[in-house]
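Residue numbering restarts at 1 for every chain, and letters A, B, ... go by the order of the sequence lines. Quantities reported herein were computed from a predicted structural model and do not represent experimental measurements.
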Number of protein chains: 2
Amino acid sequence: MELQEAKLKFIEAWGKLGSEWGINRTMAQVHALLLLTPDAITTEDIMEKLNISRGNTNMTLRDLMGWGLVEKQHRAGERKEYFFAEKDAWLIARQVAQERKKREIDPILKLLNELSEVKGDEKDPEYKTFKTSVNGISKLTKNVNKALGTMLKADENWFWGSIFKIFK
Amino acid sequence: MELQEAKLKFIEAWGKLGSEWGINRTMAQVHALLLLTPDAITTEDIMEKLNISRGNTNMTLRDLMGWGLVEKQHRAGERKEYFFAEKDAWLIARQVAQERKKREIDPILKLLNELSEVKGDEKDPEYKTFKTSVNGISKLTKNVNKALGTMLKADENWFWGSIFKIFK
DNA sequence: TCAAACTTTCAATACTTATTGAAAGTTTCT
DNA sequence: AGAAACTTTCAATAAGTATTGAAAGTTTGA
């Protein structure tokens, strides 16, 4: 496979994966492009390579910066802004996990806690089922969340060492 | 909070969470309803409670059965079909993880392997960056996938014991 | 202060995905 | 075989998301 073909395939696949996991396809593709590009590039470059509009490119870059996946670069004597992505896979995973934890897991946990408090008649099957389901999900989510929190605080070496040595 | 209000909130939140993670909102809501319902219920019941059409209900139930989250129940002397959901949080998480691994992670891993094979000039920065990014993502994905695979095979007790005791 | 160079915004529009509902299909009973 | 009871399909449509592009905004240097 040619390098150029491989790059296109990667960008396409990354976009698809993103959309399957609730991340805007364009956002994933711009990210992929920046991952594969050695130096920082301009909005113009991105528009051209991915065939997307200026507006879309601008908003997507803003989102990516919001996720901490992309940074701006100013160059002395130049008016244009340049963008580049962090290329370390572990740091990328960390940022994405952190962002989704904050935006999605934390709110649902808050609700699950409230729902766990709901009182009712222990003899009522509706109540018993509600409690069983909510408590089970709540407990599991809390544990997953705790694990995620620990990983987010941890550094790369700890992660590769402690976690993956469990799995052969 | 009242039980009925709590149930509605749970269904709504579950639907939202689902859609944020690329799972059809209705599918997540039907699943939530079944989780909260002690006994098996009919298509008609679901249509009524969630205000959705017969067609939508039917297709959603089919999907849920495809994910192994819901089962059909036949009752002697009855023509109608009844549906119910597995209520154990761990089993649910397992099924969802298994399904997404198969549909989404396995294909991307296959591609990453192919992309890792691409040869090029080690002095070309484009090639070097491509290699670094793809290899990093590939390695991380492989490890996560391996971990997931082990967990899927493992039983509940192993999971709660071995994994979560790492995190305080 | 002006205007060129560049960035940001957002209403309009295109695209994607979900949903409806009625017709077609199936099963079961008499 | 016929018809009632129920399920499935799928073309049409609605709803939800993403994208465009041109106008407005900003910054910089002469």
**Q.** Rounded interatomic separation in angstrom, taking CZ from Phe83(A) and C1' from dT7(C)
**A.** 9 Å
Q. Is the closest side-chain heavy-atom distance between Thr26(A) and Thr57(A) below 4.5 Å?
A. no
Q) Does Arg100(B) make a cation-pi contact with Trp21(B) (under 6.0 Å, within 45 degrees of the axis)? A) no
Q: Specify the separation, in whole Å, of atom CG of Asn24(A) and atom C1' of dG16(D).
A: 13 Å
(Q) Let me spell it out: for each of Thr26(B) and Thr43(A), pick the nucleotide of DNA chain C with the closest heavy atom. Which residue's pick is nearer the 5' end? (A) Thr43(A)
Q. With a cut-off of 6.0 Å (strictly less than), are more than 12 heavy atoms of other residues, nucleotides or ligands near CD of Glu2(A)?
A. no
Give each protein N/O atom lying under 3.5 Å from an N/O atom of nucleotides 26-30 of chain D, with the pair distance.
from	atom 1	to	atom 2	distance (Å)
dT27(D)	O2	Arg79(A)	NH2	2.8

Q: Take the protein atom CD of Gln73(A) and the nucleotide atom C1' of dC6(C), then report the distance between them rounded to whole Å.
A: 17 Å
Q) In whole angstrom, what separates Ile23(A)'s CD1 from dA18(D)'s P? A) 12 Å
Q.
Quick one about Thr42(A) and Asp45(A) (side-chain donor to acceptor, distance below 3.5 Å, no hydrogens or angles considered), yes or no?
A. yes
Q) Are Glu12(A) and Lys9(A) close enough for a salt bridge, meaning some N to O gap below 4.0 Å? A) no
Q: Count the heavy atoms belonging to other residues, nucleotides or ligands that lie under 6.0 Å from NZ of Lys49(A), then report whether that count exceeds 12.
A: no
Q.
Could you tell me how far apart Lys16(A) (NZ) and dT17(C) (P) are, to the nearest whole angstrom?
A. 11 Å
Q) Which pairs with one or both residues in residues 125-142 of chain A pass salt bridge (Lys or Arg N to Asp or Glu O under 4.0 Å), sequence neighbours excluded? A) Glu122(A)-Lys131(A), Glu126(A)-Lys7(B)
Identify the pairs formed between an N or O of the protein and an N or O of nucleotides 20-25 of chain C at a distance under 3.5 Å, and give each distance.
from	atom 1	to	atom 2	distance (Å)
dT20(C)	OP2	Ser53(B)	N	2.6
dT20(C)	OP2	Ser53(B)	OG	2.9
dT20(C)	OP2	Asn56(B)	ND2	3.3

**Q.** Plane angle bin for Trp14(A) and His31(A) - parallel if under 30°, tilted between 30 and 60°, otherwise perpendicular
**A.** tilted
(Q) Assess whether a salt bridge exists between Lys110(B) and Glu114(B), defined as any Lys/Arg side-chain N lying under 4.0 Å from an Asp/Glu carboxylate O. (A) yes
Q: Give the rounded distance in Å between these two atoms: CE of Met27(B) and C1' of dT19(C).
A: 16 Å
Q.
Would you say Asn58(A) places a side-chain N or O within less than 4.0 Å of OP1 or OP2 belonging to dT7(C)?
A. no
Q) Atom CZ of Arg75(B) to atom C1' of dA5(D): distance rounded to whole Å? A) 17 Å
Q: With DNA chain C as reference, determine whether Arg25(A) or Glu44(A) sits nearer its 5' end, using the nearest nucleotide of each.
A: Glu44(A)
Q) How long is the line joining CH2 of Trp21(B) and P of dT17(C), in whole Å? A) 19 Å
